[in-house]
Number of protein chains: 2
Amino acid sequence: MKAARKRAQAEVEQDVFLAGRPSRQPLDRISGKWVAPILCAPGGDDSPGRPGAAHADAPRAMRCSEISRLLAGVSRKMLTRTLRALERDDPFTRTVTPAAPVTVSHEPTDLGRSLHHMTRGLGSWARTRMAEVLANREKHDSRTS
Amino acid sequence: MKAARKRAQAEVEQDVFLAGRPSRQPLDRISGKWVAPILCAPGGDDSPGRPGAAHADAPRAMRCSEISRLLAGVSRKMLTRTLRALERDDPFTRTVTPAAPVTVSHEPTDLGRSLHHMTRGLGSWARTRMAEVLANREKHDSRTS
DNA sequence: CAGGATCCCGCTAGATACTG
DNA sequence: CAGTATCTAGCGGGATCCTG
């Protein structure tokens, strides 16, 4: 009964996208306005003063304020909330350093890095296809208006 | 002034994730509960009766009802809405065939296929990492409760 | 079969102000 | 610097009923 087995496999493969399935949860984690941006930030960094640093695929630990500066537009609330959610699922670890001004560092884990690759991919897709999408959108709108 | 140029590039690269920027829009298109599932559906197909068909990366045209059957759980409203949005941005073309019962076919375009690759990636990530995520979540919850 | 209209609930996310 | 509490508007998205 190979066909049945094959169908079963297809189901397993598919069910990540089915509603109600627990396997859908990791995908839902990606949704949320700031998840992708935050996941992507630690690698897209190209701080001034380190011109040669190929900002390759090396997410590094970042401080809270650092991220918020990079992502201009995120509210403190959402930053904290999103980071906590990501911490819960693992992509980041959160280490607090009690000092005069408290500092909190968010370091990507293995899982975080793997997710980072995905979002990087999404980012570059958005970048290269953006023009195309917007053009199509306008064309479409003008046709129907 | 190479440094400046480099920073400018980094900005361009980064701004896909910044709020308010129009370049953020393609990314927002991905959000929405059903976008990823729908994008992924036409390739994850493994219809019974075609056992040898490696359901590789070949998204094909699908009918509305076909998709809804595949994605068990999506409401008709959201199906239509999402498909229309995707049509506007291009990933799909929509062709109506007036007949006794109207049939509507949704065929992926080039852009759609490229997006399809991204979502496939997300899907497989979710599949392989799902267990890990859920485990971490539980561990985390038990620590804090 | 496909899609629109309407109603309605709940969550997301922003603004603001306050603590350690 | 980082986080929390409260309030609030807006939208996502489900259910239900109706058209071609």
Side-chain angles (χ1 to χ4, degrees), chain A residues 17-21 24-25 27-39 41-42 61-89 92-107 140 143-145, chain B residues 17-21 24-25 27-39 41-42 61-89 92-107 140 144:
Chain A
F17 292 110
L18 262 51
R21 303 285 189 294
R24 168 80 201 246
Q25 288 180 30
L27 255 193
D28 285 341
R29 161 85 8 273
I30 309 265
S31 80
K33 199 171 178 180
W34 296 107
V35 183
I38 287 181
L39 273 169
M62 291 189 87
R63 298 197 37 195
C64 224
S65 50
E66 205 173 353
I67 301 182
S68 82
R69 241 172 290 125
L70 216 61
L71 264 59
V74 63
S75 68
R76 289 175 184 235
K77 179 177 141 187
M78 289 321 291
L79 217 210
T80 305
R81 184 189 285 194
T82 309
L83 282 170
R84 296 295 255 245
L86 288 172
E87 184 202 354
R88 185 167 101 105
D89 288 357
F92 286 111
T93 57
R94 181 164 151 281
T95 46
V96 186
T97 309
V102 178
T103 67
V104 177
S105 168
H106 300 272
E107 178 140 23
H140 186 89
R143 262 193 310 245
T144 33
S145 64
Chain B
F17 291 110
L18 262 49
R21 301 287 189 292
R24 169 82 201 245
Q25 288 180 30
L27 256 194
D28 285 340
R29 163 79 16 269
I30 309 264
S31 81
K33 199 171 180 180
W34 297 107
V35 183
I38 288 182
L39 273 169
M62 291 189 87
R63 297 198 37 197
C64 223
S65 50
E66 204 173 354
I67 301 183
S68 83
R69 241 171 290 127
L70 217 62
L71 264 60
V74 64
S75 68
R76 294 189 179 207
K77 178 178 142 187
M78 290 320 292
L79 217 211
T80 305
R81 185 190 282 196
T82 309
L83 282 171
R84 295 298 255 244
L86 288 171
E87 186 202 353
R88 186 167 100 105
D89 287 357
F92 285 111
T93 57
R94 181 165 150 279
T95 46
V96 187
T97 309
V102 178
T103 67
V104 176
S105 168
H106 299 272
E107 178 140 23
H140 187 89
T144 34

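Letters A, B, ... mirror the listed sequences (proteins, then strands); counts begin at 1.
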Would you mind telling me which residue lines up with the more 5' stretch of DNA chain D, B:Val74 or B:Val102, judged by nearest nucleotide? B:Val74
Proximal nucleotide (of C:dG14, C:dC1, C:dG3) relative to the A:Lys33 side chain: C:dG14
When you measure from the side chain of B:Thr93 to the backbone of B:Glu107, do you find a donor-acceptor pair of N or O atoms at a distance under 3.5 Å? yes
Given the ring of A:Trp34, does B:Arg24 sit roughly above its face, with NZ or CZ under 6.0 Å from the centre of the six-membered ring and within 45° of the axis? yes
Taking atom P of D:dC1 as reference, at what distance in whole Å does atom CE of A:Met62 sit? 14 Å
D:dA2 C1' sits how many Å from A:Arg94 CZ, rounded? 8 Å
Residue pair A:Leu83 / A:Cys64: nearest heavy atoms and the distance that separates them: CD1-SG, 4.1 Å
Compare the minimum distances between each of C:dG3, D:dG3, D:dG12 and the side chain of B:Arg81, then state the nucleotide with the smallest one. D:dG12
From CZ of A:Arg84 over to C1' of D:dG3, roughly how many Å is that when rounded to an integer? 7 Å
Within the structure shown, what part of the strands sits under 4.0 Å from A:Arg76 by heavy-atom distance: base, sugar-phosphate, or nothing? base
Given atom NE2 of B:His106 and atom P of C:dA2, what is their separation to the nearest angstrom? 8 Å
At under 4.0 Å, does any side-chain N or O of A:Arg69 touch on OP1 or OP2 of D:dC1? no
Would one find a side-chain N or O of B:Ser75 under 4.0 angstrom from OP1 or OP2 of D:dG13? no
Restricting to non-hydrogen atoms, name the atom on A:Ser68 and the atom on A:Val74 that form the minimum distance, rounded to 0.1 Å. CA-CG1, 4.2 Å
Given atom CD1 of B:Ile38 and atom P of C:dA2, what is their separation to the nearest angstrom? 13 Å
For the side chain of A:Ser65, starting at C-beta, report the closest nucleotide among C:dG4, D:dC1, D:dG3. D:dC1
Can you measure B:Trp34 atom CH2 to D:dG12 atom C1' for me and round it to whole angstrom units? 13 Å
Compare every heavy atom of B:Phe17 with every heavy atom of A:Pro37, then report the nearest pair and how far apart it is. CA-CD2, 3.6 Å
Once you round it to whole Å, what is the distance between P of C:dT12 and CG of A:Asp28? 10 Å
Between D:dG13 (C1') and B:Leu71 (CG): distance, integer Å: 15 Å
Per B:Met78 side chain, nearest of listed nucleotides C:dA2, D:dG13, D:dG3: D:dG13
With respect to the side chain of B:Lys77, which nucleotide from C:dA2, D:dC1, D:dG13 is positioned closest? D:dG13
